[in-house]
Structures are given as C-alpha cells and as structure tokens.
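Because the structure is predicted, anything quoted here is derived from the model rather than measured.
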Amino acid sequence: MQAVTSSSRLRDLSPTIAKILLISGAAGASIGVLDGTMGETHLAGFGYRDVKRKLPPDEHTIYHLASSSKSFTAASIGLLVADGRVSFRDRICDILPGFQHPDEEIRSRTTLLDFLSHRTGLARKDSLW
C-alpha cells in the first residue's frame, strides 16, 4: 500500500498507517493535517479507493463513516472547549454563519451541546438501515 502524499511528515507515517489499514480491514484512508503555525496543509492517501482497479484515495474520496465521525467531532470540540476557544453553549449560527435550516428555532437557537447530544429534534439520517 503506497502512500500518495504531499508531505514528508505523513510519508514517514506510511508504514504505521498501512499496518492500521491491514489490521482494521479498511481498503484505504485519506488524511489531511492543517499546520496552523506554518499555514500548510498536508494531504495523504493510503491504500485504495477502488481495490479492483487499484485506484488510490485522495482528498476527494468519499468514505461511509456513519457514526465513527461522531467521536472525532466530539473530541475535537472538547479540545476547543478546554482551550477556551468555544463553549458547549455557543450557538451553531454564531460559529458557522452559513448554517441554514428551514426551522428558524433550530437555525437560531441550536448549540454545540444540542447537536452533540442529539437533542435538536431533527430526524435521524439512518433510514438506509
């Protein structure tokens, strides 16, 4: 599993990431790291987005993560709260001015904690199951 990468830092992690993919049974992974101090974005694709055709993943590859992304999102927000950059009581519309929802109540009053706690009243998006 060769890494397609724009950074030697991510390239150095290639053997470890390849081992994680093998252990987990995942076909591929795309990783992006924003270095805020240098203003650089490091991108890397590992494994395959299409195993049969041996096509590598990239920053445009779509992954079906389902609930896996919730823990990453919650942990990231928790770190921002711990750093004092945001509060769990901050409204989504203040953090993301482009946030749109047809229900004015949801659009204007929903907080980070509301979304993380699934207490917005929004329908779940798992009807495919």
Side-chain angles (χ1 to χ4, degrees):
M1 288 187 194
Q2 188 68 17
V4 178
T5 179
S6 68
S7 167
S8 62
R9 293 177 185 179
L10 287 174
R11 197 174 308 113
D12 293 343
L13 292 173
S14 292
T16 302
I17 295 170
K19 186 182 277 188
I20 291 169
L21 290 176
L22 184 65
I23 291 168
S24 69
S30 298
I31 297 175
V33 178
L34 175 63
D35 182 341
T37 60
M38 302 295 285
E40 297 174 346
T41 302
H42 306 280
L43 306 172
F46 299 89
Y48 303 105
R49 73 172 185 258
D50 185 321
V51 176
K52 288 182 183 177
R53 297 188 304 173
K54 298 194 185 270
L55 298 175
D58 59 23
E59 68 273 18
H60 302 291
T61 302
I62 297 173
Y63 295 92
H64 301 282
L65 297 176
S67 293
S68 301
S69 62
K70 291 176 192 171
S71 59
F72 298 118
T73 302
S76 299
I77 291 171
L79 291 171
L80 293 172
V81 169
D83 287 347
R85 300 173 122 190
V86 297
S87 164
F88 285 119
R89 292 192 173 115
D90 286 350
R91 297 180 316 160
I92 298 297
C93 64
D94 294 332
I95 297 168
L96 301 171
F99 173 67
Q100 296 294 317
H101 192 276
D103 184 324
E104 171 61 28
E105 189 78 9
I106 291 172
R107 185 173 56 251
S108 65
R109 296 187 61 178
T110 303
T111 66
L112 283 172
L113 189 57
D114 292 329
F115 270 121
L116 291 172
S117 303
H118 295 278
R119 63 181 188 196
T120 61
L122 295 173
R124 293 175 51 141
K125 302 295 182 199
D126 60 0
S127 61
L128 295 176
W129 297 107

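Considering CD1 of I106 and NE2 of H101, their distance stands at 4.0 Å, rounded to 0.5 Å. One distance of note links CG of L13 with CD1 of I20; it measures 8.5 Å at 0.5 Å rounding. Summarising the geometry, atom SG belonging to C93 is positioned 10.0 Å from atom CD belonging to Q100; distances are rounded to the nearest 0.5 Å. We find the CG-OG distance between D94 and S108 to be 10.0 Å, quoted to the nearest 0.5 Å.
Hydrophobic cluster membership differs between V51 and I23, with clusters built from Ile, Leu, Val, Met, Phe, Trp and Tyr side chains linked at under 4.5 angstrom. Criterion: ILVMFWY side-chain heavy atoms under 4.5 Å apart, direct or through other members. Under it, F72 and L79 are not part of a common hydrophobic cluster. Placement of F99 and L116 within a single hydrophobic cluster is found when ILVMFWY residues are connected by side-chain heavy-atom separations under 4.5 Å, directly or transitively. Hydrophobic clustering (side-chain heavy atoms under 4.5 Å, transitive across Ile, Leu, Val, Met, Phe, Trp, Tyr) keeps I62 apart from L55.
With contacts defined as side-chain heavy-atom distances shorter than 4.5 Å, the pair L113/R119 qualifies. Taking 4.5 Å as the limit, some side-chain heavy atom of T120 sits within range of a side-chain heavy atom of F115. The side-chain heavy atoms of D90 and T111, taken from C-beta on, include no pair separated by under 4.5 Å.
Heavy atoms only, all atoms of each residue included: P57 and T61 are closest at CA-OG1, 3.3 Å. Closest approach of S30 to Y63, counting heavy atoms only: OG-OH, 2.8 Å. Considering all non-hydrogen atoms of both residues, S14 and F46 come closest at OG-CE2, 3.4 Å. Smallest separation of non-hydrogen atoms from L21 and A29: CD2-CB, 4.0 Å.
With hydrogens and angles ignored, the 3.5 Å screen pairs a side-chain donor or acceptor of R49 with a backbone N or O of P56. Side-chain atoms of S117 never come within 3.5 Å of backbone atoms of D114 as a donor-acceptor pair (strictly under, hydrogens ignored).
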